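Each remark here refers to the structure printed beneath this line.
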Amino acid sequence: MIRFSLYDDIPAMTALWQEAFGDDESFINAFFKSFYTPQNVPVFVIDGEIAAMLFLLDGEMSVGGKRYPAYYLYAASTKKSHRGKGLMTELLDFSAKTAADRGRAFICLKPGEKGLFDFYEKHGYLPVFGRKIFTVHRSETDILKNLNDKDADFEPFELREAAFGNCDRFIWDKNSVNRAVKLSACGGDRLFQNRKGYSLYSINDRVCTVKEFAFSCDFTAEFASYIFSNTDCESINFSLPCSSPCAFDAAYKCSGEALPLTIEAADAIINVDNAYLGLTLD
């Protein structure tokens, strides 16, 4: 049986989340505190047990300068003991119908692994989001000792709008951006920001991984120099919007998919290529 979640389901959903993704309970609790809306979480219940779930988060899809109401599909998961039974397929169909009934034009998502792109494509999702992917090594950039305005008090939402406002993209509202930045920090990410923009990044085993890079101008070389002068990192993995300028050669990678739910949305998405899907909460 599919139904919408209840607050009483949170412990069971937390357990399923940990089984599926391995995240710390503190991160999961922070997500529920910031993003949880019971009627936006369809769950599949078998014998009183939550066997599968997914979350629909509010947002918009911008295509050619026009905004469409949309959902971001997040943390879709099935208990190991119930996998292979088609539960997620039924949840996806239910979610698409629910979104359409609520007047949404798109559902957007970032598949958790490469093999899932094909799974979602079988359900009508199209690979419309893309990123520039490249790695910068310590030996490839000069070290700058200082950057002005580090950690200045600028509004992330306004910086994102300045950086991405002209490209096709999934849009989070101001409150969601602020909550997503805080959630990333709860998950161990770091924030660099100044008057030109901001970056969310993590550091592990002397590798810096940039998860969001919201700058309206080419700031990659300066940011790389900042990281190399202030940490022991030997390399930086960048993942940038395809519309962003950058000082380094980049490859292109599909980073997400979208399901059009109306005739107008299906017509609009035909010409979308490498739209930006940021703050994916991973």
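The analysis underlying the following values was restricted to heavy atoms, covering all of them including side chains, and did not include hydrogens, waters or symmetry mates. Remember, it's a predicted structure, so these values are computed and weren't measured experimentally.
You'll find the side chain of Asp101 reaches within 4.5 Å of the side chain of Lys97, heavy atoms only. With contacts defined as side-chain heavy-atom distances shorter than 4.5 Å, the pair Leu54/Leu92 qualifies. For the pair Asn178/Pro156, a side-chain contact is recorded, criterion being any heavy-atom separation below 4.5 Å from C-beta on. Counting heavy atoms from C-beta outward, Arg131 and Asn274 have side chains that stay 4.5 Å or more apart. Looking at Gln18 and Ile28, their side chains come closer than 4.5 Å, going by heavy atoms from C-beta outward. Side-chain contact between Ser5 and Met13 is present, with heavy atoms from C-beta onward closer than 4.5 Å.
Of all heavy-atom pairs spanning Leu240 and Ser244, the tightest one is CD2-CB, 4.2 Å. A pairwise comparison of heavy atoms in Tyr252 and Cys242 identifies CD2-SG, 3.5 Å as the closest pair. Pairing each heavy atom of Val136 with each of Phe228, the nearest pair is O-CZ, 3.6 Å. The nearest pair of heavy atoms linking Phe170 to Gly59 is CZ-CA, 3.6 Å. In terms of heavy atoms, Pro127 sits closest to Cys254 at CB-SG, 3.5 Å.
Listed for the Asp173 side chain is a donor-acceptor partner under 3.5 Å among the backbone atoms of Asn175. Checked by atom type and distance alone, the side chain of Asp267 never pairs as donor or acceptor with a backbone atom of Glu264 at under 3.5 Å. With Ser229 contributing its side chain and Tyr226 its backbone, the two residues share a donor-acceptor pair below 3.5 Å. Formation of a donor-acceptor pair under 3.5 Å by the Arg190 side chain with backbone atoms of Ile203 is not found in this model. When atom types are taken as modelled, the side chain of Asn29 and the backbone of Glu25 share a donor-acceptor pair closer than 3.5 angstrom. In terms of modelled atom types and a separation under 3.5 Å, the side chain of Arg160 and the main chain of Ala214 share no donor-acceptor contact. Under a 3.5 Å cut-off, the side chain of Thr262 and the backbone N or O of Ala265 do form a donor-acceptor pair. With hydrogens and angles ignored, the 3.5 Å screen pairs no side-chain donor or acceptor of Asp58 with any backbone N or O of Ala70.
Considering CD of Glu161 and CD1 of Ile171, their distance stands at 6.5 Å, rounded to 0.5 Å.
Below 30°, between 30° and 60°, or above 60°: for Tyr276 and Phe164 the angle between ring planes is between 30° and 60°, a tilted geometry. Ring pair Tyr74/Trp17 is perpendicular by interplanar angle, where above 60° counts as perpendicular and below 30° as parallel. The aromatic rings of Phe219 and Phe215 lie parallel to each other, with less than 30° between the two planes, well short of the 60° mark.
In this structure, Trp172 has its ring center under 6.0 Å from that of Tyr72.
Considering Phe223, Phe134, Tyr198, Phe192 in turn, Phe223 is the only one that fulfils the ring-ring contact (aromatic ring centres under 6.0 Å, His included) rule with Phe213.
Looking at Lys85 and His82, their side chains do bring a donor and an acceptor atom within 3.5 Å of each other. No side-chain N or O of Asp168 forms a donor-acceptor pair with one of Ser62 less than 3.5 Å apart. Remark: the Thr220 side chain and the Asp218 side chain contain an N/O donor-acceptor pair separated by less than 3.5 Å. With hydrogens and angles left out, the side-chain atoms of Glu212 and Tyr201 include no donor and acceptor closer than 3.5 Å.
Partners of Tyr120 according to the ring-ring contact (aromatic ring centres under 6.0 Å, His included) rule, which considers only residues two or more places apart in sequence or in another chain, are Tyr125.
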